[in-house]
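Below you'll find the structure, written out as structure tokens, and then a few comments.
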Amino acid sequence: MVQVTAKLSGIILRKAELESDFDGVYSAVFERMFGLENVEGDEFLMVLGEIGG
């Protein structure tokens, strides 16, 4: 779980850097996390938008 949290934090930081909008990205992440109740599998990636392959 610690590794997943670290990777997810890095992804969120990178997204904020690419969009040059730290406040907007982190606000959106926290708003979406409050809206998700039982997160399983890849569903937690929904806070980042579309999943690329």
Side-chain angles (χ1 to χ4, degrees):
M1 188 64 163
V2 172
Q3 289 177 339
V4 171
T5 303
K7 287 181 182 180
L8 187 58
S9 296
I11 292 168
I12 295 169
L13 175 63
R14 184 69 177 139
K15 182 174 176 72
E17 288 174 341
L18 289 172
E19 293 184 8
S20 298
D21 184 14
F22 288 88
D23 291 336
V25 171
Y26 280 97
S27 293
V29 167
F30 288 119
E31 287 174 14
R32 289 295 301 265
M33 290 176 77
F34 278 125
L36 300 174
E37 292 182 17
N38 296 321
V39 179
E40 298 178 9
D42 289 339
E43 293 175 15
F44 72 92
L45 293 175
M46 291 186 316
V47 299
L48 299 176
E50 301 262 338
I51 299 173

Using a 3.5 Å cut-off and no angle test, enumerate the donor-acceptor pairs between side-chain atoms of residues 18-25 and protein atoms at least two apart in sequence or in another chain.
| unit_1 | atom_1 | unit_2 | atom_2 | d |
| --- | --- | --- | --- | --- |
| E19 | OE2 | K15 | NZ | 3.1 |
| D21 | OD1 | G24 | N | 3.0 |

_Tell me which pairs pass salt bridge (Lys or Arg N to Asp or Glu O under 4.0 Å) where either residue lies in residues 1-14, with sequence neighbours left out._
R14-E17

*Heavy-atom closest pair, residues Y26 and S9*: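 Closest pair (atom of Y26, atom of S9, distance): OH-O, 4.4 Å.
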
